[in-house]
Amino acid sequence: MPIMLSDQLKSQIRAIHSRIKDSLPNYQPRAGQNQLVAEIAKIVSGSYHRHERIGLIEAGTGTGKSLAYMLGVIPFALAQKKKVVIATATVALQEQLVNKDLPFFQQHSKLLFEFSLVKGRQRYACIERVRQQQKHPELFATAADATFNWQKLLDNWQQRQWLGDRDTLAQPLTETLWQRIVADPLHCAKADRRHAHCPFHLARAEIEHADVLVVNHALLLADLSSGNSILPAPQDTLYIIDEAHHLPDSAREFFAAQAQLTDNSPWLEKATKTVQQLITILPATAMKELLRFDDSCNELNSLLKPVERCVEEFKPRWFSDKTECRFSDAALPKLIQQQAEQLAQASQKALNQLEKIQQQLQEHSNDLKLPPKQSMPLLQELSYLYQKLEQQQALWQLYSLPQDKSVQQARWVALHNPGQYVIGHACPLGVGAKLEQLLFNDAFAVVLCSATLTALNSFQYIKYDLGLSQFDGVQTLQVASPFAYAEKGQILLPKMQTEPTDKAFTDELATILPQYLPDNQASLVLFASYWQMQQVAEQLRSKGFSLLVQGEASRQALLQLHSDNCQHNRTSILFGTQSFSEGLDLPGKLLTNLVITKLPFAVPTSPLEEALAEAISKKGGNAFVQLTIPATAKKLVQACGRLLRQEQDEGRIVILDRRLVSKTYGSAMLNALPPFRRQIDY
């Protein structure tokens, strides 16, 4: 029988909502939020479909999305004794949920539940390793690192000013320094009592008692792939995937692989030296495994030799005028394809053996009473070897799939400067089947939400990308923003003489822009390329404009200067590229004038984008229509979303790209934008 929402639970949700409304200052009733809460609760309780409790929800800015999904999911999950996992794409949203939204909901809902932020192991330091750095600086410090104050870091940990993770460091660490203290499994084993109170193990202990877990997309995918080593099993979990428009790309990135194809001998030969050192230290029982591992490394080295010769032969052709070369139809050179399966097997075998050696070293490290001078460099070396072997295994596993029509992969090689070694890359084109198998088939319920899930007002693109086209139970819902767009803002399309593809476009931009940068206001001007932004900035500065340009200072510093200008009612003009069009929050008078110089078409220059376009064309489709236009429409909606962040905000959007009027796709893109007043000067 479906569980359905009981009347008691409905009353409970209404009562909590009412309490929350009363505790929010200046609360405005929102019909959209009420609709979200009701629909989400129906989806997760199986009111629409007994087994496929999946919802795709687009909720515009200001709908109160995070509060709505907490209300619609948490009371039901607690009643069913299920766990809730909230996955986000950005650290900013994770922090907002853990530091603000969940504590607020916990306090005012009067529900008894615990929540916890879950990060990957790589985000935590091992305190024992920090102590060793402080005790034995001579073992590690290069001249550049010798000045780092490890004692201060330990003091901050003791005083709880630092929580032992990378994100709460007062002073950021370089990658090299961080790798020396990271809590990897080899250095920071829970079984060793010295590590029982390391930040990673303390954080993992919290998970057991938490009812709501906040993670990022990458950790969610890693955990699902490894068979739920950290998070609860899918059938016991209600998932809320926030910023869900990023999930397909997060999955592609997660399932991709890259590894060196050349210059592998140095680290493989170093492995042999490490084995020789371990033979003199570890007990005789470990001898067999050490010799096997040595054989596997030699086998891997000899299998990689012909690959290296092949790559050297092709190098002039691949990299004559560029640093990347994609294999059309994922067709690898014959020799590389032939070696792939053996290489995947050999690197997997070496990995398995290395794991056993690491275990033995851990088990015996206390009995052996090894001085840090001996044990620490060895552990460091084994960690490095493990990482290298993992990369090789992942790449050759993907390369070993036979090259035929079913290989839906982008495969390419890149020349690494400096060093001139060649890296092989592989990335799946579609991740729908993986997501279906790991997440959607077994999950108790999944709610996917974002402010931009549709493209051109349709859910079909995201359904296809996520692998949800075959699911009958998927519910879709669009809830418009409560903002009074027509009253509060305007979209202006001034008449432009040239199209962005014209050479004269940059000069026309520099000529026309001053008319659309009003005095004593806050302007954000978005560019499609750094080059164009710099050219226009140079011309405007020569006319006396004062500008804050992305890249000339840190993002934080620019936004601080912009904020200071606005507080003193001075003219403030921010210039930025694509990264300023998403996730940038400039409420109130921090932004009243948004200028979009060019539609945010992504140039399909990355090997992955080229391969995606090629796959569509092969099936007789039109990559520009099916891929480029929907993606651009979505980015344009995100860019326009910078203007109104709160109900009282107002301003205008100026778009200097005539293709919205001159091209057939223009009207569909315009109609997908929020319903601002429009002035079109054509």
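Residue numbers start at 1 and run along the sequence shown.
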Could you tell me how the ring of Tyr399 sits relative to the ring of Trp396: parallel (under 30°), tilted (30 to 60°) or perpendicular (over 60°)?
perpendicular
Determine whether Arg129 and Cys188 make a side-chain contact, defined as any pair of heavy atoms from C-beta on separated by less than 4.5 Å.
no
Pair Gln353, Glu289: side-chain N/O donor-acceptor within cut-off below 3.5 Å:
no
Table please: side-chain donor-acceptor pairs of residues 437-449 below 3.5 Å, with sequence neighbours left out.
unit_1 : atom_1 : unit_2 : atom_2 : d
Asn441 : ND2    : Glu436 : O      : 3.3

For a ring-ring contact (aromatic ring centres under 6.0 Å, His included) check, start with the C-alpha distance between Phe624 and Phe601, then their side-chain angles and the critical distance, and finish with the verdict.
CA-CA 10 Å; Phe624 184 70; Phe601 281 109; 5.8 Å; yes
Side-chain ion pair, Lys82 and Asp236, N-O less than 4.0 Å:
yes
Flag side-chain contact, heavy atom, 4.5 Å: Pro199 against Asp165:
no
For the pair His425 and Trp412, name the ring-plane relationship: parallel under 30°, tilted 30 to 60°, perpendicular over 60°.
parallel
Distance, nearest 0.5 Å, that separates OG of Ser302 from CD of Gln342:
9.0 Å
Just checking, any donor-acceptor pair under 3.5 angstrom between side chains of Lys315 and Gln420?
no
Side-chain donor-acceptor pairs of residues 304-311 under 3.5 Å, sequence neighbours excluded:
unit_1 : atom_1 : unit_2 : atom_2 : d
Lys305 : NZ     : Ser265 : OG     : 2.7
Lys305 : NZ     : Asn301 : OD1    : 3.3
Glu308 : OE1    : Asp263 : N      : 3.4
Glu308 : OE2    : Asp263 : N      : 3.2

Strictly below 4.0 Å, N to O, side chains only: are Glu299 and Lys349 in salt-bridge contact?
yes
Flag the pair Arg252 and Asp249 as a salt bridge only when some basic side-chain nitrogen lies within less than 4.0 angstrom of an acidic carboxylate oxygen.
yes
Does either side chain, that of Ser328 or that of Glu614, offer a donor lying less than 3.5 Å from an acceptor on the other one?
yes
Do the side chain of Lys388 and the main chain of Ala259 share a donor and acceptor less than 3.5 angstrom apart?
no
Would a 4.5 Å heavy-atom cut-off, applied to side chains only, mark Ile616 and Asn622 as touching?
no
With a 4.5 Å limit on heavy-atom distance, are the side chains of Leu466 and Pro248 in contact?
yes
Enter the distance from Glu253:CD to Leu608:CG here, rounded to the nearest 0.5 Å.
10.5 Å
Can you find a heavy atom in the side chain of Leu173 that is under 4.5 Å from one in the side chain of Phe148?
yes
Out of curiosity, Cys198 SG to Glu128 CD, how far, rounded to the nearest 0.5 Å?
7.0 Å
Donor-acceptor pair, Thr168 side chain versus Leu163 backbone, under 3.5 Å?
yes
Is any side-chain N of the basic residue among Glu609 and Arg326 closer than 4.0 Å to the acidic one's carboxylate O?
no
Charged N to carboxylate O below 4.0 Å: is that the case for Asp329 and Arg411?
no
Could you go step by step and tell me if Trp178 and Tyr124 meet the ring-ring contact (aromatic ring centres under 6.0 Å, His included) rule?
CA-CA 9 Å; Trp178 180 254; Tyr124 291 96; 8.8 Å; no
Does this structure show an ion pair linking Asp184 with Arg121, if we count only N-O contacts that are shorter than 4.0 Å?
no
